[in-house]
Protein chains: 2
Amino acid sequence: MIRRLSQARERGIPEATVARLPLYLRALNGMAERGLATVSSEDLAVAAGVNSAKLRKDLSHLGSYGTRGVGYDVEYLIYQISRELGLTQDWAVAIVGVGNLGRALANYGGFVSRGFRVAALLDADPEVVGDRIAGLNVEHIDELETVIRRRGVSIVVLATPAAAAQQVADRVVAAGITSILNFAPVVLSVPEGVDIRKVDLSIELQILAFHEQRKTDRMTGGPAMAEEWPEAVDL
Amino acid sequence: MIRRLSQARERGIPEATVARLPLYLRALNGMAERGLATVSSEDLAVAAGVNSAKLRKDLSHLGSYGTRGVGYDVEYLIYQISRELGLTQDWAVAIVGVGNLGRALANYGGFVSRGFRVAALLDADPEVVGDRIAGLNVEHIDELETVIRRRGVSIVVLATPAAAAQQVADRVVAAGITSILNFAPVVLSVPEGVDIRKVDLSIELQILAFHEQRKTDRMTGGPAMAEEWPEAVDL
DNA sequence: CCCACTTTGTGCATCGGTTCACAAAGGGAC
DNA sequence: GTCCCTTTGTGAACCGATGCACAAAGTGGG
């Protein structure tokens with residue numbers, strides 16, 4: 001018996017591929033809205049901003065969903081990617097920390113794109129507890145464990161000050177959460193098995209600055225070449 | 001003549017290393033505040049959440065700044081990394097799009113950590129133009145080119161709706177900007193030589209969902225294994 | 001001055017990811 | 001049915017990044 005499906009599906013999609021699937025999904029949704037029925041790897045690759053060989057290899061990790069000579073069925077591919085990413089179920093998300101950023105996240109519409117639902121907002125500041133934001137009541141951080149349990153929260157977004165993040169992380173992990181999106185500028189330490197993704201504005205800016213500096217250096221003929229430590233520290 | 005410095009500094013720090021330098025810098029700043037004079041690669045690596053061999057290799061790309069048997073001088077290393085990242089000069093940043101997110105960014109203190117200064121806020125909505133946010137006047141997007149030129153803006157943060165992002169990107173590029181931090185959920189197309197970094201909440205959540213699903217699948221004995229396309233589309 | 005100990009810097013093996021380039025597969029015309 | 005055209009799926013070469021493991025370099029004690 002020749003197994004036609006799932007030659008490459010014995011559990012294990014490369015991390016780099018997983019990170020691109022949401023991109024493909026977004027491009028596909030745009031195409032579906034514009035009424036396209038099928039799309040070639042070339043066109044989809046352009047829309048997603050990657051090269052077509054990479055796109056095909058990525059999709060091949062999910063299964064063999066294209067038709068040679070034709071391309072991919074847009075709706076079908078949307079379904080397959082959504083399923084693979086786990087977006088056919090809906091995920092209850094709790095946001096901890098309702099400062100400027102937390103508020104922005106709560107109100108961010110596209111964030112509830114598909115599959116995600118903000119189920120709770122929590123904060124430690126009695127000043128904001130009770131406020132109504134994006135149709136939700138802000139609850140006190142003391143309710144954290146209860147809220148997670150009662151509302152089936154499985155993903156927590158940390159938008160707290162840096163100083164509070166580790167402490168909150170410990171509590172949500174203790175409450176059984178294994179997926180955290182961290183906006184606080186700290187390195188969180190969590191037990192194995194807990195996934196953390198980090199978004200850090202400051203780091204992104206610094207990376208840009210590095211490249212920007214290099215670009216302007218090039219124009220002005222390189223850096224001062226022997227820019228030394230201001231004090232008299234000789235190597 | 002044996003060149004003692006810059007064996008490995010002939011222009012070209014790996015991208016992966018650049019992305020970690022800000023992490024090291026943050027950890028080092030914390031240590032400097034606590035009064036530490038020197039630090040070993042092992043300790044710094046733990047603080048930054050990486051492994052020590054990687055840390056040493058990263059630092060070796062900047063030069064040979066450690067002392068065997070001792071470690072690294074905290075202040076000196078802070079200076080070297082800052083210089084390499086271009087943080088010894090200050091960068092004027094403009095934020096375009098003053099919705100919830102733009103506001104949060106403008107107010108985000110740690111963002112002006114060192115070297116960055118929000119020099120302008122711009123928006124297309126006459127409703128918000130003129131508002132005072134984080135000590136700055138919100139200006140109309142028509143002023144974009146003027147503001148960039150007059151205030152020496154070299155990094156632009158896009159926090160506009162998805163639909164407006166490409167158009168704004170075209171304008172800032174035309175105005176000479178080559179570094180963009182994009183928060184809008186679109187793939188921007190820009191000429192070669194322009195650096196774009198993208199922050200996308202929705203994508204991060206989807207990646208988390210993927211892993212979360214996999215974890216729960218494992219517990220319940222794998223996915224339904226032959227979960228098919230709902231309609232009668234036979235492969 | 002010498003020895004024991006610490007810690008850096010790096011050569012090397014390895015791994016994961018990207019890209020090329022092409023055989024295999026399907027569609028459509030005649 | 002046959003031929004030609006399009007497009008997928010993938011083997012294989014390549015490239016950058018990671019991690020091990022150790023020699024080289026420095027410190028401090030006696």
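Convention: sequence-line order gives letters A, B, ...; per-chain numbering from 1.
With C:dT18, D:dA17, C:dG17 as the candidates, the nucleotide lying closest to the side chain of A:Lys54 is C:dT18. For B:Ala16, taking side-chain heavy atoms from C-beta onward, the closest of the listed nucleotides C:dC20, C:dG9, D:dA17 is D:dA17.
Proximity of a side-chain donor or acceptor of B:Glu75 to a complementary backbone N or O of B:Ala32 within less than 3.5 Å is not detected. A distance-only check finds a donor-acceptor pair linking the side chain of B:Gln166 to the backbone of B:Ser189 [under 3.5 Å]. In terms of modelled atom types and a separation under 3.5 Å, the side chain of B:Glu42 and the main chain of B:Ser52 share no donor-acceptor contact.
Between A:Tyr72 and C:dG26 there is no side-chain N or O to OP1 or OP2 distance below 4.0 Å. Between B:Thr67 and D:dG26, a side-chain N or O to OP1/OP2 separation shorter than 4.0 Å is absent.
We find that CD1 of A:Ile13 is positioned 15 Å from C1' of C:dG17, with the value rounded to whole Å. Rounded to whole Å, atom P of D:dT7 lies 16 Å from atom CG of A:Leu59. Spacing between atom CG of A:Leu77 and atom C1' of D:dG9 amounts to 14 Å, rounded to whole angstrom units. Rounded to whole angstrom, the span from the CG atom of B:Asp58 across to the P atom of C:dT10 amounts to 13 Å. With rounding to whole Å, A:Leu62 atom CG is found 13 Å from D:dG9 atom C1'. If you measure from atom CG of A:Leu55 to atom P of D:dT7, you get 14 Å, rounded to the nearest angstrom.
Side-chain contact between A:Val93 and A:Leu181 is absent, with no heavy atoms from C-beta onward closer than 4.5 Å.
Within 6.0 Å of atom CD in B:Gln167, 12 or fewer heavy atoms from other residues, nucleotides or ligands are found, so the atom counts as exposed in its surroundings.
Separation of atoms CG (B:Leu44) and OH (B:Tyr72) is listed at 8.5 Å; rounding is to 0.5 Å.
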Restricting to nitrogen or oxygen on both sides, can you table the protein-nucleotides 22-25 of chain D pairs closer than 3.5 Å?
{"residue": "D:dA24", "atom": "N3", "partner": "B:Arg68", "partner atom": "NH1", "Å": "2.6"}
{"residue": "D:dA25", "atom": "O4'", "partner": "B:Arg68", "partner atom": "NE", "Å": "3.4"}

Which pairs, protein N/O on one side and nucleotides 11-14 of chain C N/O on the other, fall under 3.5 Å?
{"residue": "C:dG11", "atom": "O6", "partner": "B:Lys57", "partner atom": "NZ", "Å": "3.0"}
{"residue": "C:dC12", "atom": "N4", "partner": "B:Lys57", "partner atom": "NZ", "Å": "3.3"}

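Judged by distance alone, the side chains of A:Ser179 and B:Glu212 do bring a donor and an acceptor atom under 3.5 Å apart.
Taken residue by residue, residues 20-52 of chain B places heavy atoms nearer than 4.0 Å to DNA chain D at B:Arg20, B:Asn51.
Contact detail for B:Gly86 and B:Trp91: the closest heavy-atom pair is O-NE1, 2.7 Å.
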Residue pair A:Tyr24, A:Leu77: steps toward the side chain to side chain contact (heavy atoms under 4.5 Å, CB included) verdict: CA-CA 9 Å; A:Tyr24 304 152; A:Leu77 196 49; over 6 Å; no
Worked check of side chain to side chain contact (heavy atoms under 4.5 Å, CB included) between A:Phe210 and B:Leu87: CA-CA 8 Å; A:Phe210 170 82; B:Leu87 304 181; over 6 Å; no
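With respect to the salt-bridge test (charged N to carboxylate O, under 4.0 angstrom), the residues A:Asp195 and B:Arg214 do not qualify.
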